[in-house]
Amino acid sequence: MTRTTPHLLPITTVLTATLCLQSFPSVAGQTTPVYSGCEADAYYGSLSDNPSRQEISNLLKSTHRNVLPYTSSREDTWDALMDLDPGTQSGTVSLIYSDHEAQGEAPSGQSRAWNREHLWPKSHGVGYTGADFTDVHHLRPADVNVNSARGNKYFAACGIVEPLDTCRSPAHSEASASTTTDNEVWLPPTEVRGDIARALFYMELRYSGVGGDPNLELTDCPTEVSDNKLAYLSQLMEWHQEDPVDEEERNRNGRVCERWQGNRNIFVDFPDLVGRLYGESAQPNQSNGYECSLGENTPPPTPTSPPLDSTDSTCGALVAGDIQVIGVHSDNPDEVALVTLLDLPSGLEIYLTDSGWAGTEFRDSEGTAKLSVPQGGLSAGTIFGFGDEDSNLLLATTWAETGALALSTQGDSLIVYCQPSEGTYNFLGAATTNNVWDPNQSDSNNSGLPAGLESTSIALPHFDNYIYIGPSEGKKSDIVEAIAKEEHWSGFDNTQPLKFEFSFVIASEAVTDCQDLKAGDVQIIGVHSDNPDEIALVALQDLPANLELYLTDDAWTGNGFRGSEGTVKLIVPDSGITKGSFFGFGDETSLPYASSWSQVSGSLALSTQGDALAVYCKPTESTYNFLAALTLSGPWVNSGFSSTNGALPPGLEQANTALSHRDNYQYVGPTSGSRNELISAIGDEANWRGSNSAESVVYDTTFTVIGGGGSGITPSGVNPDDDDESASVTARISIGCLLFALFMLV
């Protein structure tokens, strides 16, 4: 029997009832909490009355403020687990599958007797880099030998999949007496079964396939191939009921948030949510697993939330080479693998076709598939693609087809594009397995090469299938050049689906002058108009030495500035300004470079009646490259300009902040994420706190700008003990006289 989906009550019914019955302890510890807003009522306060699964997932992702390194000379997952899972004796750790404890630190000259168990195994979807690899909500200390015995077995009781006579108890001589195992499954100790279940529910919800994350799935119907699925969901649901949340688990959850990661496991806080999201558990067929209907493993629907991104990632701003074909498989199953070489926003529509290009239009005889980029976007370096349910590729089954995109084993041509407007094409990448591009299109397998793709496409001699095996780390321009070389491809004629044993890491192209900057590369994150005047900024891109930045409160009128207020200029110092760094403008402030601005015109004096600010640089004396804008006067206006309002400067439609009037504002939203995620968060008024009070407070936080991206596919030859290589920069400042007690809103 399959699980049944319950009637979905508004989540506030579940959350409120649970909050009334449950108190959340203050997490004790010798180290001062690092992350604020971890109390349950504050942490979940931004959720809507009836949030979708994706909304909850977005909260868990956006508040994951610290991606720990796996092993490092600084704080890493070893340190976190010794803090989170202490034994009863000082200096020891509690082992997840065993009754005994182990010394946290290894004796001199010896190895630790424990290692770090990934409850969700790496071979079932967790990558070897990134947040999922080091997420301490699912890492636990384990006896080395017992961990090896578990391996990557699914979680279930004996007799579910195999006959009971294959069962062994305990599961290992060093394991707890209540453990069992057979050749397929692993039953953990009675007292931690619910803890493990809730950790895995969290993992599936947190890592939903957006923004470069793997798309993890709990199921009763695992496949024989290695994929992102972990079983058995119905067993986990039963364990969740049989082993409810206890005080120790609540304390650990709070400690993970306050001290190590900044996010919570919602299933520990609100256990009833399991039934809301998963329905009822199924009953197994004795020794034969669960009945699996055709719909059991269908992917969740593609999110339809509005785009989150900045203007540089809209179709019209994409350029040839931004999305590249890196794999073609025409022996069933048909697959096309792609990689994005820059961050793609949610809502962007990408098209893939094997219809031939005739110079001005496509030959209308084959198929076209359209992908709407899911909520959270796709990070630069993410491998994804088109295929069927047998494909290993991210988002393979979420494309909508027109016609039939069916690859020919006689050779085929593929073109990737987006459409800035109806009837127009922005070509991004192309590949042919017909040896050459054929403008005459002598048969249905050939195509002309669209203009603009001469140096960003590949023509390969015929094989049924191809996979890119060349360089995968470097600047975008270097990767584009490498993909266009035949020697970096491997052709073959077999039916094995495409699988990439590496990931792409895209380094930032160096910004050398104003014209290299894009909307959102600098953002306004604080304004104080009750004397002293202050404006806080953050760089989301490395800013080069000698770059001239302008900041103004002069109103933009649509054609130029009004010319009645003030403009100041900062020349970036020789050291540059690293992405993630705070800086700003003001007289009596500790903001870096606050006193380094020179007056260009007028007087930049903020009005307590409201004001509009813009940040820009100038490619030429008479042109503007707008980077950010913020208004304290409500919506941007198109007429009736004054000293307190103005029009939105061009190009900033997705990289601006419009706030209802308060004298002072501070950004208090997520401070860790990709550039696009941070731009989106800064543009959301819900992430700001305003006040009309001049009371001084300390702004004490960090920004982490995550660059590059991963495929979520195991890279070959990667040592799991290597540090995570996400590019990040942190900065810490105190801003005197900049804001605002939470309850000072008036």
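Note that the structure is predicted; figures quoted are calculated from it, not measured.
Between Phe133 and His118, the ring planes are parallel. Angles under 30° get that label, and only those over 60° would be called perpendicular. Taking the six-membered ring where the residue is Trp, Tyr278 and Phe201 present tilted rings, their angle falling between 30° and 60°. Between His64 and Tyr207, the ring planes are perpendicular. Angles over 60° get that label, and only those under 30° would be called parallel.
For the pair Arg112 and Trp78, the cation-pi criterion (under 6.0 Å, within 45° of the ring axis) is fulfilled. Figure legend: cation-pi geometry between Arg264 and Phe270 absent, as NZ or CZ is not positioned both under 6.0 Å from the six-membered ring centre and within 45° of its axis. Figure legend: cation-pi geometry between Arg150 and Tyr97 absent, as NZ or CZ is not positioned both under 6.0 Å from the six-membered ring centre and within 45° of its axis.
When atom types are taken as modelled, the side chain of Trp114 and the backbone of Gln103 share a donor-acceptor pair closer than 3.5 angstrom. Of the possible polar contacts, none joining the Asp132 side chain to the Asp135 backbone as a donor-acceptor pair under 3.5 Å is found. Counting only distance, with no hydrogens or angles, the side chain of His137 and the backbone of Asn263 share a donor-acceptor pair below 3.5 Å. Here the side chain of Trp186 pairs no donor or acceptor atom with the backbone of Thr180 at under 3.5 angstrom.
Taking a cutoff of 4.0 Å between a charged side-chain nitrogen and a carboxylate oxygen, Arg259 and Asp83 do not qualify as a salt bridge.
Asp143 and His100 are linked by a side-chain donor-acceptor pair at a separation below 3.5 angstrom, with hydrogens and angles left out of the test.
For Glu39, the salt bridge (charged side-chain N to carboxylate O under 4.0 Å, His left out) criterion is met by no residue, not counting sequence neighbours.
For the pairing with Phe504, the side chain to side chain contact (heavy atoms under 4.5 Å, CB included) check across Ile326, Thr340, Thr382 returns one residue only, Ile326.
Every pair passing disulfide bond (SG atoms under 2.5 Å apart) that includes a residue from residues 159-212 is listed here, sequence neighbours excluded: Cys158-Cys167. The list of salt bridge (charged side-chain N to carboxylate O under 4.0 Å, His left out) pairs with a residue in residues 200-211, not counting sequence neighbours, reads Arg53-Glu204, Arg206-Asp213.
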